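I have placed the structure first, in the form of structure tokens, so that the comments after it can refer back to it.
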2 protein chains.
Amino acid sequence: MTSAPARRARRHDPGRRDRLVDTTLDVIAEQGVTAATHRAIARAADVPLGSLTYHFASLAELLAAAFTRHVDAVAERFDERMRAAPDRTAALEALVEHLTGDLLGSQRDLVLAVELYVAAARDPALRAVTQDWMSRSRRSLERHLDPVTAREVDALVEGLVLHSALSTEPMTADQIRSALHRLAG
Amino acid sequence: MTSAPARRARRHDPGRRDRLVDTTLDVIAEQGVTAATHRAIARAADVPLGSLTYHFASLAELLAAAFTRHVDAVAERFDERMRAAPDRTAALEALVEHLTGDLLGSQRDLVLAVELYVAAARDPALRAVTQDWMSRSRRSLERHLDPVTAREVDALVEGLVLHSALSTEPMTADQIRSALHRLAG
DNA sequence: GGCCGTTGTGTACGGTTGTTCCTATGAGCC
DNA sequence: GGCTCATAGGAACAACCGTACACAACGGCC
């Protein structure tokens, strides 16, 4: 029996561009943004190396597309939660759920957030993505909070996320809830 | 006239190991942790390439030594401020000064903090450094705040720092002070 | 059916990296 | 003065990177 020949994706492959963006996010989440090289992504997506430079002019462009897609999804999900909340109290509780469920619950989203922070610290194009994210999340919060409070809550949330990412012990929902209520309650 | 021969450091060079650690911090602050290569650091310190692997078994070890030195300095400076504060109100004001003066005032410390976050997200050795920093700063805060509040303030501060690093508009002392007082006032 | 342009593929190139290794040097001790 | 060994120095190596490019294949239009 020959060794497994690594089944190639079919030659005609519409939507490969989309799939490459998703695979890039997977690689970043699993191995970090510095490990997200052309070769690593090509291997993960099971496509030849040249396919990446065909679909994306540069690696930076591919990374930007990937982070943009991720931020769009997270921001939209969050705004839905805020729109659904009837009042301020419900909004804060929805925020707690957003944090414990989406961000801190799945390591994936947490890791992606931190990797984006990291990459954005040096790449102006990615910094635009993070600024878009911050302003969108602030706008979502402002559905139930005044602008000043929204900004403070946004910063606190950012810190909680980073804390959880770097700490050994994860933060509990109760701790998050109490901090939020003290700031915006 | 020949081109400048790049004056070499003298052959006998006691304390070079220390100087390499400082230079590493400079390179990280100016060009980011990903640009802190053996060659970049050697060039900045004006020493031959081989000198780095002689003094430090690996690049990771050098980076860890550099971040450790920096964290030690910042944490010690902060604890001094907290020790000097007579009461809770003074402590909060000292924290504002610490943030606006040391961290946000000089871009250098802010950049170093974010670069450390970034690097720590992937390197367990560096994560130990950040955890040490967090626990020390929390302990300093606990000189005037109860543990729960200290933890929340620490998280908020982390978020404010990150916000300032990634945002275009820096955060003002007044905004920081008002957020802190709302949380711990 | 035959052409053509879009899409897919594999290889090669120039550059940078961390690390190793051999040699040269000189400060401290006898 | 002579020995010795920790330090200084520079070249070399293997691995990896992003990107370019020439060629193959196929769908859609005439």
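Being a predicted model, the structure only gives us computed values, none of them experimental. Scope of the values below: all heavy atoms of this structure, side chains included, with no hydrogens, waters or symmetry mates.
In this structure, B:Phe56 atom CZ and D:dT7 atom P are separated by 12 Å, rounded to whole Å. Atoms CG (B:Asp13) and P (D:dA6) sit 18 Å apart, rounded to a whole Å. Between the C1' atom of D:dG10 and the CG atom of B:Leu52 lies a distance of 13 Å, rounded to the nearest Å. Separating the CZ atom of B:Arg17 from the P atom of D:dA6 is a distance of 16 Å, rounded to the nearest angstrom. Between the C1' atom of C:dT7 and the CZ atom of A:Arg19 lies a distance of 14 Å, rounded to the nearest Å.
Between the side chain of A:Arg88 and the main chain of A:Ala184, a donor-acceptor pair closer than 3.5 Å is present. Under the 3.5 Å distance criterion, the side-chain polar atoms of A:His181 are matched with a main-chain donor or acceptor of A:Arg177. Between the A:Thr53 side chain and the A:Gly50 main chain, a donor and an acceptor come within less than 3.5 Å of each other.
With sequence neighbours excluded, no residue satisfies side-chain hydrogen bond (donor to acceptor under 3.5 Å, both in side chains) with A:Asp132.
The bend of the helix from C:dG1-D:dC30 to C:dC30-D:dG1, defined by the angle between the axes of its first five and last five pairs, stands at 0° to the nearest 10°.
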Could you encode protein contacts along nucleotides 17-30 of chain C as a string, one character per nucleotide from 5' to 3', using B for base contact, S for sugar-phosphate-only contact and - for no contact, with a heavy-atom cut-off of under 4.0 Å? BBBB---BS-S---
Go through A:Val153 and A:Leu95 one step at a time and tell me if the side-chain contact (heavy atoms from CB on, under 4.5 Å) criterion holds. CA-CA 10 Å; A:Val153 166; A:Leu95 174 54; 3.7 Å; yes
Before giving the answer on side-chain contact (heavy atoms from CB on, under 4.5 Å), spell out for B:Thr24 and B:Val27 the whole-Å C-alpha distance, their side-chain angles and the decisive distance to 0.1 Å. CA-CA 5 Å; B:Thr24 301; B:Val27 172; 5.8 Å; no
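At a threshold of 4.0 Å, the pair B:Asp79-B:Arg136 does not count as salt-bridged, since none of the basic side-chain nitrogens sits closer than that to a carboxylate oxygen. A salt bridge does not link A:Glu30 to A:Arg108: none of the charged nitrogens lies less than 4.0 Å from a carboxylate oxygen.
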